[in-house]
Structures are given as C-alpha cells and as structure tokens.
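First the structure, in the form of structure tokens, and then the observations on it.
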Amino acid sequence: KRIPLGVKHNTHSISSGGIHSHNASYKHFADVEIATYFDKEEMVLTLQRIIIDYQNEVRANVADRVSFVKHVLEHQMNATAINETDVLYGIIERIILLVIKTLYHSNVVFTNNYFRDVSEFVEWIFYDESNMNATPMTIRVFAETLDQWLVKIL
C-alpha cells in the first residue's frame, strides 16, 4: 500500500551517536526531488518516496534487500568492499533505477540536480560519523547495514 506523498512515514525509531532524527543534516534528504513521474497526473518522486517504495514494495523483505545489494555489488559491479563513494553511488543508483523501472515503468524525467543530490546523499552515508564514517566495509556487513542508514531520512 502506497503512502501518500506529503505524509511522513516515521515508524522507525533511530537514535544515533551524535545526530538525532530531527537533525537537518539528513532529514534534508527526504525532500530531495529525484524525478517526476508522468501518468494521468504528475507526481514528484522524492528520495524518501523512492526508499519507501524500495523497502515496502519492491524489496519488502529485509533478507531480499540484503541479497539484492550483495548480488549487485559482487556480480554486477565486481566490488570486493565498500571503500569509496563511487561504489556506494553505484548501489544507491541501482536501487533508484530498480524502483523506477518496477513501479513507475520508466515514465519519468529526472531532475537537473539528480547527480548532485544523489552524490550528496551518498557522501552523507559514506562520511558521516553516524553512518560509515569513511570506514571501509565488507560487502556482507554493508548489505546488512544499509537499511539502517536509509530509514534515517524517512
């Protein structure tokens, strides 16, 4: 069941070391516009909408999401670890494109700031001390932890 746009989906309780769930440093990412979907009406797809769709509809099972991330990193991107933002950007972009292809059937136009906005989100995940803190991770550990970072913006 889709959550209407504009309704905050906040069923997760996140408490992190130095950053709290209301901190603008990552809540800002919820409203980042990724694309516009064209069907009978225009619908703006925010980063929050994409993550909600990914976690609730496209890959609703946690184990399925972990398996998907591991598969993409190991077999499609030939990564051996997450030790740079380029690899992380690749998996975030694959998640975005999977949601768009699965639910919106590619009837979208990406925003002009897509690359910049997704890059900033990736850098936040990679460098923020409450996330990766620029610490290299094995694919297994990263795949098992990614959801914890994604739900922070919901």
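Phe38 and Val108 are members of different hydrophobic clusters when ILVMFWY side chains are connected at heavy-atom separations under 4.5 Å. Hydrophobic clustering, with ILVMFWY side chains joined whenever heavy atoms are under 4.5 angstrom apart, groups Tyr104 together with Leu97. Following chains of ILVMFWY side-chain contacts shorter than 4.5 Å, one cannot reach Leu73 starting from Val62, and the two form parts of different hydrophobic clusters. The hydrophobic cluster containing Val66 does not contain Val151, counting ILVMFWY residues as joined when their side-chain heavy atoms lie under 4.5 angstrom apart, directly or transitively. Cluster annotation: Leu150 and Val141 are assigned to the same hydrophobic cluster (Ile/Leu/Val/Met/Phe/Trp/Tyr, side-chain heavy-atom contacts under 4.5 Å, transitive).
A distance-only check finds no donor-acceptor pair linking the side chain of Arg49 to the backbone of Val44 [under 3.5 Å]. Of the possible donor and acceptor atoms, none in the side chain of Asn133 sits under 3.5 Å from a partner among the backbone N and O of Thr135. The main-chain N or O of Trp149 is never found under 3.5 Å from a side-chain atom of Asn131 such that the two would form a donor-acceptor pair.
Of the inter-residue distances, the one linking Asn83 atom CG with Leu88 atom CG reads 11.0 Å to the nearest 0.5 angstrom. With values rounded to the nearest 0.5 angstrom, Ile96 atom CD1 is found 4.0 Å from Tyr114 atom OH. Annotation: the span from Leu103 atom CG to Tyr54 atom OH amounts to 12.5 Å, rounded to 0.5 Å. Separation of atoms CD1 (Ile95) and CG (Asp53) is listed at 12.5 Å; rounding is to 0.5 Å. Here Leu146 contributes atom CG and Lys70 contributes atom NZ; the two are 13.5 Å apart, rounded to the nearest 0.5 Å. Atoms CZ and CD, on Phe126 and Glu84 in that order, are 7.5 Å from each other to the nearest 0.5 Å.
Closest heavy-atom contact between Arg59 and Arg65: O-NH1, 2.7 Å. Residue Ala30 comes nearest to Ile153 through the heavy atom pair CB-O, 3.1 Å, listed as atom of the first residue, atom of the second, then distance. Annotation for Val118 and Ile34: closest pair CG2-CD1, 3.9 Å, computed over non-hydrogen atoms. The two residues Val87 and Ala79 have their closest heavy-atom pair at CG1-CB, 4.0 Å. Contact detail for Glu144 and Gln148: the closest heavy-atom pair is O-NE2, 4.2 Å.
Leu98 places none of its side-chain heavy atoms less than 4.5 Å from the side chain of Val72. With a 4.5 Å cut-off on side-chain heavy atoms, Phe68 and Val58 do not count as touching. Between Ile125 and Ile92 the shortest side-chain heavy-atom distance falls below 4.5 Å. The shortest side-chain heavy-atom distance between Asp117 and Phe121 does not fall under the 4.5 Å cut-off. Using a 4.5 Å heavy-atom cutoff, the side chains of Gln48 and Ile51 are not in contact. At least one side-chain heavy atom of Ile100 sits less than 4.5 Å from a side-chain heavy atom of Ile50.
Of the N and O atoms on the side chains of Asp128 and Ser130, at least one donor lies less than 3.5 Å from an acceptor on the other residue.
Atom CZ of Arg116 sits in a crowded spot, with more than 12 heavy atoms from other residues, nucleotides or ligands closer than 6.0 Å. Within a 6.0 Å radius of CG in Asp39, other residues, nucleotides and ligands contribute more than 12 heavy atoms.
Contacts of Asn107 classified as side-chain contact (heavy atoms from CB on, under 4.5 Å), with partners at least two apart in sequence or in another chain: Tyr37, His105.
Listed by first then second residue, pairs satisfying ring pair (Phe, Tyr, Trp, His ring centres under 6.0 Å) with a partner in residues 77-99 read Tyr89-Phe115, not counting sequence neighbours.
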